[in-house]
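First the structure, in the form of C-alpha cells, and then the observations on it.
Every chain is numbered from 1 and lettered A, B, ... according to where its sequence line falls, protein lines coming before strand lines.
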Number of protein chains: 2
Amino acid sequence: MTEYKDATMLDIARELKVSKSTVSRALKDHPSIGKKTRQAIQDLAKKYNYHPNNIAYSLSKKSTKTIGVIVPMLSHYYFSTVISGIEELAYKSGYKVIICQSAESYEREVIVSQALLSSKVDGLIVSISRETVNSDHFKVYQSKNVPIVFFDRVCADMEVSSVTIDDYQGAFTAVEHLIREGRRKIAHFAGPPLLQITQKRIEGYKDALSAYGIPFDENLLIDCGSGLEQENGSMAAQEMLDRGIKPDAIFAICDPIAIGVMVTLKRNHVNIPDEVAVVGFCDEPIARVVEPQLSSLVQPAFKIGETSIELLLNQINGQDHIPEKRVLTAELQIRDSSSSTI
Amino acid sequence: MTEYKDATMLDIARELKVSKSTVSRALKDHPSIGKKTRQAIQDLAKKYNYHPNNIAYSLSKKSTKTIGVIVPMLSHYYFSTVISGIEELAYKSGYKVIICQSAESYEREVIVSQALLSSKVDGLIVSISRETVNSDHFKVYQSKNVPIVFFDRVCADMEVSSVTIDDYQGAFTAVEHLIREGRRKIAHFAGPPLLQITQKRIEGYKDALSAYGIPFDENLLIDCGSGLEQENGSMAAQEMLDRGIKPDAIFAICDPIAIGVMVTLKRNHVNIPDEVAVVGFCDEPIARVVEPQLSSLVQPAFKIGETSIELLLNQINGQDHIPEKRVLTAELQIRDSSSSTI
DNA sequence: TTAATTTAAACAACCGGTTGCGTAAACTTA
DNA sequence: TAAGTTTACGCAACCGGTTGTTTAAATTAA
C-alpha cells in the first residue's frame with residue numbers, strides 16, 4: 001500500500017537477473033522463454049502487482065488501442081445511447097474510448113479533434129456540431145491515415161464512412177401518417193439550416209405532401225432558429241400562433257422542439273391531438289412522459305453506435321479501404337399526440 | 001494530403017542540420033536557442049504540419065495531462081451535466097478528460113478503473129455504481145499516489161476527497177415542505193439499499209417526520225428494488241396501491257422513480273396533487289415536462305462537476321494533502337405536483 | 001566424440017519526446 | 001591579446017515498453 005513507484009519490467013528483470021526482453025516475452029507467454037523462467041517472472045509480477053505501462057506500449061507499438069468520439073452534447077439521450085453502443089463493441093475488441101463534447105461549438109470541435117489526434121487515437125467517430133461548415137480539422141485525420149466514421153451529422157464534403165438514418169424516409173413516414181389521420185394543414189418545425197438532417201427532413205416533408213396532392217405552403221415551414229431545445233420550439237410555436245397561423249398538425253425536427261410546441265399549444269388552450277396533432281423525431285424518453293404521449297420516430301441509437309464502431313474497426317484493421325455509408329431506418333412510434341380521436 | 005507519417009522532431013532536426021534537443025527547445029521558445037534558428041525551426045514545423053506526439057510526451061514527463069471520469073450512466077442528465085462542469089475547468093487547466101461508464105456494474109467499474117490506471121491518468125473522478133461495495137480497485141490508486149475524488153456516490157470506507165450534496169438536508173426539506181402543505185401520511189420511495197444516498201435520504205425523511213411529531217410507519221417506506229428507473233417507481237407504486245396503502249404524499253428518491261409513481265397514480269385515477277402530492281430528487285428536465293410539473297430538489301450538477309475537478313487539481317498540484325469533503329446543498333423547487341390546491 | 005540443430009535468453013535498436021551537462025564559438029573585459 | 005563570460009547548441013541518457021538478431025548452452029544426430 002505504500003509503493004510509490006510502479007514496478008517496471010526492468011525491476012523484475014533485475015531482481016531475477018534476466019533481461020528486460022525476457023520479462024516482456026515471459027509475460028506474454030512467448031514460446032522462446034523456458035518454463036521455469038516464465039513462471040518465476042509471472043510470479044514476481046503478481047507479487048509486485050505489475051501493470052504494463054500503456055503509454056510505453058502505445059509509443060512502441062504506434063497504436064493506442066483507443067478510439068475517440070466527439071459528440072455535440074452528452075446530455076442528450078440520443079447521443080449517450082449511441083456512445084453506449086460504441087463502447088459495447090469497442091471494449092469487446094480491446095479498445096478504449098475517449099469521449100469528448102464539442103458543446104455544439106465549431107471552435108471547441110477543432111480543439112478536441114486536434115487533442116485526440118495528438119493523443120494518437122487509432123480512429124475517430126464523430127457527429128459534428130451544428131456550427132461546423134469547415135472540415136479541415138477532420139481532413140488532417142485523412143492525411144495521416146487515421147480512419148473516421150461520421151454518424152448522424154456528417155461533413156458533406158468528405159469521402160468517409162458514415163452511419164445515418166434515413167431522414168428523408170423518416171420525415172416522409174411521419175407526414176404520411178399525419179395525412180392518413182386526416183390532417184391537411186401540416187406544419188414543419190425545422191432545425192438549424194446548416195445541418196443535413198434539417199434539409200433531408202424538409203425534403204421528406206415536402207415530398208410527402210406532394211405525394212398526397214397537398215400544396216406546399218411556405219408559411220407552414222417554421223424556422224426554430226439555431227437551437228434544437230424545448231425553448232426554441234416554444235418560442236417558434238408562439239410566434240406562429242401570433243401570426244395567426246393555425247395548422248392541424250405539426251411535424252417537428254426533434255422531440256425537444258415538439259415538446260416545446262406542445263407546451264405552447266396547451267398554454268394557448270389548443271387541444272392535442274384533436275385540434276393539432278404532433279409528431280417528433282428521436283423518441284427520447286420524455287416522449288413517453290408528456291401528455292399526451294408524443295408520437296415520434298425511433299432512431300436506433302444503440303445500433304447506430306454499434307454500426308459506427310464496426311465500420312471503424314473494419315477500417316483500422318485494414319479490411320475496408322473504401323468508405324462505406326450505412327443508412328438505417330427510423331420507425332414511427334405512434335402515440336396519443338397524433339392518433340386522432342376526432 | 002498524402003504524408004503517411006507524422007513529421008517528428010528528428011525529421012525537422014535532420015533537415016535543418018541541428019539536433020533533436022534544439023528542435024525541442026526551439027518549439028517551446030526556450031531562451032537558449034538563437035533567434036534565427038528558432039524561427040527556422042518553427043517555420044519548418046508549420047510547413048510540415050508538425051504536431052507533438054502526446055504519447056512520447058507523456059512517457060518522458062510521466063504525466064498524461066489526462067484525468068479519468070467514471071460515472072454509472074452517461075444517459076442521465078445529472079451525470080452528463082456534472083461531466084460538463086468537469087470538462088469546463090479541466091480544459092482551461094490543460095487537461096484532457098476520459099469518460100467511462102460503469103453501466104451500474106461493479107465488474108465493469110473494476111475493468112474501466114484498471115484501464116484508466118494503465119493509461120496513467122493523472123487523477124480520477126468517480127461516482128460509484130450501485131453494486132459497488134468493495135473498493136479495492138480504487139485503493140490501488142491511493143497506493144500509487146494517484147488522487148481520487150468521489151462525487152455524489154462515495155466509497156464509505158475510503159479516506160478521499162469527495163463532493164456530495166446534503167442528502168439528509170434535502171430529504172428533510174422535501175418532507176418538511178409536504179408536512180407544511182398539510183400532508184401527514186407521507187410515503188418514501190427509497191433507492192437501492194447499498195447506496196449511501198439511499199440511507200441519508202431515509203434518515204432525512206424519518207427525522208423530518210419526527211420533528212413534526214409524525215410517527216414513522218414502516219409500511220410507508222417503500223423499496224423500489226435495485227433500480228432507479230421509471231419502471232421501478234411504477235411497479236412499486238402499483239404494488240403499494242394493491243396492498244391498500246394510500247398515502248397523501250410521496251417523496252421519491254429520484255425523479256424517474258417519482259415519475260413512474262405519477263404515471264401509476266394517474267392510471268389509477270388518483271389525482272395529483274389533490275389526493276397525493278409528489279416530490280422528486282434531482283430536478284431532471286422531465287420534471288418540467290410531466291403533468292403536473294414535478295417538485296424536485298435541484299442538485300447543482302454543473303457546480304458539483306466544477307468542484308470535483310477543482311479538488312482533484314489541487315491534489316494533483318500538491319496543494320492538498322489531506323482529503324477534503326465538500327457538501328453542497330440541494331434546493332427545493334416547488335411545482336404543481338406538491339403545491340396543494342385543496 | 002564431434003558436428004549439426006534446437007532451445008533459451010541476452011543484446012541493442014527503436015518509438016518520440018525531455019533535459020542535465022558539456023563545449024566550441026562569439027563576445028566582453030582587462 | 002589573453003583570459004573570462006556568454007551564447008547557442010550538441011551529446012547522451014531516460015521514460016517503459018517491443019522485437020529482430022545474436023549468441024551461448026543444451027540437445028540431437030552422425
Short side-chain N/O contact from B:Tyr50 to OP1 or OP2 of C:dG17, under 4.0 Å: yes
Distance test, side-chain N/O of A:Ser60 to OP1/OP2 of C:dC15, below 4.0 Å: no
Length of the line joining A:Asp29:CG and D:dT18:P, which is rounded to integer Å: 13 Å
Separation of D:dC14 C1' from A:Leu59 CG (nearest whole Å): 12 Å
Qualifying residues under salt bridge (Lys or Arg N to Asp or Glu O under 4.0 Å), relative to A:Glu104, sequence neighbours excluded: A:Arg130, A:Arg153
Side chain of B:Ser19 - closest among D:dG10, D:dT18, C:dA9: D:dG10
Atom OH of B:Tyr141: over 12 foreign heavy atoms under 6.0 Å: yes
Any donor-acceptor N/O pair, A:Asp11 side chain to A:Thr8 backbone, under 3.5 Å: yes
Every protein N/O lying under 3.5 Å from an N/O of nucleotides 19-26 of chain C:
from: C:dT19; atom 1: OP1; to: B:Lys61; atom 2: NZ; distance (Å): 3.2
from: C:dG20; atom 1: N7; to: B:Arg25; atom 2: NH2; distance (Å): 3.2
from: C:dG20; atom 1: O6; to: B:Arg25; atom 2: NH1; distance (Å): 3.4
from: C:dG20; atom 1: O6; to: B:Arg25; atom 2: NH2; distance (Å): 2.8

Side chain of B:Lys62 - closest among D:dC15, C:dA8, C:dG17: D:dC15
Whether B:Phe151 and B:Tyr78 hold their rings parallel, tilted or perpendicular, with breakpoints at 30° and 60°: tilted
Duplex segments of DNA chain D, taken as runs of at least three Watson-Crick or G-U pairs that stay under 3.5 Å: C:1-3 with D:28-30, C:5-26 with D:5-26, C:28-30 with D:1-3
A:Ser161 vs A:Gln315, side chain to side chain donor-acceptor pair (under 3.5 Å): CA-CA, chis, key distance, verdict: CA-CA 9 Å; A:Ser161 290; A:Gln315 281 189 261; 3.2 Å; yes
